[in-house]
Chemist: 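Questions regarding the structure given below will be posed in turn.
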2 protein chains.
Amino acid sequence: MPKRVDHAERREQLAEALLRIVADRGLEAVSLRHVGAEAGVTSGMVQHYFRSKDELMAFALEVVSERVQARAAAAMTGADSARAEVRALVISLLPLDEPRRLEGRVALAFVSYSTIRPELAAALQQNTTGMREHFAEQIRQVWTEETRLGMTPLQAATGLLALVEGLGMHLLGEHYAPEEAVSVLDAHLELLFGQSMRRSG
Amino acid sequence: MPKRVDHAERREQLAEALLRIVADRGLEAVSLRHVGAEAGVTSGMVQHYFRSKDELMAFALEVVSERVQARAAAAMTGADSARAEVRALVISLLPLDEPRRLEGRVALAFVSYSTIRPELAAALQQNTTGMREHFAEQIRQVWTEETRLGMTPLQAATGLLALVEGLGMHLLGEHYAPEEAVSVLDAHLELLFGQSMRRSG
DNA sequence: GGTGTTACGTTACGACTGCAACGTAAAAGT
DNA sequence: ACTTTTACGTTGCAGTCGTAACGTAACACC
């Protein structure tokens, strides 16, 4: 079989195996042998594709980052209003079902990990920044001088993203029910996008 | 020296050593020997006070939880309004200086950890729930039928806590400047507590 | 159709891990 | 004063870790 393999594809397969381990046993369970076993190969094979464990970890983190971005891009197509698009994107970020809970655990683990290994934080930061700017753009499109809430669109976007990720963390810890998080999110969106906020003034 | 030691005190010293390790080398660097070395003792001594590593970890997590709660209690005394109290509490939660960044890293690591070890999640969940209810109570005290924003006080409280923890995560990842996070937070507090929100209606 | 390269698997090594067992010295209890 | 308990330190063990080295079989190429 030599020579015929797609290098990039193999690396992604291994990264996926790693992510599966992180999702249900945590970062500390990641070892070359475990990743190999999870992928159905030996640790030597893992070594063949990654010079070190650090390189493997860094690659897996990038895969996570790309996956989040891809999910975001997919979620925001076909919405008929800025509000609907933002809501779709933000809902797609929340760990509301089991597969997304797994992904959320992985993401959280890597966020914590990159806190100690700052050289890996770039990918995650890019993600946050991109999302923040995207939200800001959407908000800018619908806000007028009258409807703005005493903050800039970028501030509103930053707050929205922080709110969503905070809700996500709480959901991963099962601190309250998913529908409660969604209701909080919808109330916030109503503040940002709804006209009814001035109904009582 | 035997018999004269305060068991609880020793355990806390060891837990603090562990937390120091987590803060600057991450959860994966925690081992009985490292904890002992950090505390200036041997791993055998650590074994004497904790039957297993898991027990040590669980104890350290509880210490973290108690510390957060203590900080919260300290931060909310002496405020002259509900809004000021909430702001003081919430600001004290953000990793705005280096010591609190260390604590934040530890807290984040344990949140991620407890995601995989659900039996340890109770302490953290209690923390969240307590905070949430406290915020809700404060908000309830100042909200009238007119000023409420289309959500319940508990929803507003949940959103505020999620926002703060999300901002905290982003700050740990250095995704933007601390003062930016504070400005977002203040804008949100103005929405929740300010009367000026109806100035344009 | 050799030849060289690629893709693995296998093995080995030194370091590290959690944990159990044992040793010892100091104080408390009697 | 003698015994028991407590508080450690030390040692050892079986297992796992990351990594380097080596072996080998299958294809690409000329």
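Each chain gets a letter, A, B and so on, in the order its sequence line appears, and its residues count up from 1.
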Chemist: Please determine, for the side chain of B:Val5, which listed nucleotide (C:dA7, C:dG9, D:dC8) has the closest atom?
Modeler: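 Selected nucleotide: D:dC8.
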Chemist: Would you indicate what B:Tyr49 reaches in the nucleic acid, counting non-hydrogen atoms under 4.0 angstrom: base, sugar-phosphate, or nothing?
Modeler: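 If one applies the 4.0 Å heavy-atom cut-off, B:Tyr49 turns out to touch the sugar-phosphate alone, with no base involved.
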Chemist: Is a side-chain donor or acceptor of A:Arg105 paired with a backbone partner of A:Ala23 at a separation under 3.5 angstrom?
Modeler: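 Flag set: sc A:Arg105 to bb A:Ala23 pair under 3.5 Å.
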Chemist: For the side chain of B:Trp143 and the backbone of B:Leu192, is there at least one donor-acceptor N/O pair under 3.5 Å apart?
Modeler: yes
Chemist: Is it true that A:Arg140 and A:Glu137 make a salt bridge, defined as a side-chain N closer than 4.0 Å to a carboxylate O?
Modeler: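 Counted as a salt bridge, because a side-chain N and a carboxylate O are separated by less than 4.0 Å.
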Chemist: Consider the side chain of A:His48, meaning its heavy atoms from C-beta on, and name the nucleotide among D:dA7, D:dG9, C:dC8 that approaches it most closely.
Modeler: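 My answer, after comparing the listed nucleotides, is C:dC8.
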Chemist: Within the distance-only criterion (no hydrogens, no angle test), does the side chain of A:Arg20 pair as donor or acceptor with the backbone N or O of A:Ala39 below 3.5 angstrom?
Modeler: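 Looks like no, no N/O pair under 3.5 Å.
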Chemist: What string of B, S and - do you get for nucleotides 15-20 of chain D, 5' to 3', when a contact is any protein heavy atom under 4.0 Å?
Modeler: --BBBB
Chemist: From CG of B:Leu14 over to C1' of D:dA7, roughly how many Å is that when rounded to an integer?
Modeler: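 So the two atoms are 13 Å apart, to the nearest Å.
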Chemist: Indicate yes or no: does B:Glu180 engage A:Arg132 in a salt bridge with an N to O separation below 4.0 Å.
Modeler: yes
Chemist: Would you mind checking if A:Glu98 and A:Arg101 are paired as a salt bridge, meaning a charged N to carboxylate O distance below 4.0 Å?
Modeler: yes
Chemist: Round to the nearest Å and state the distance from B:Glu9 atom CD to D:dA7 atom C1'.
Modeler: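 My rounded result for the distance is 14 Å.
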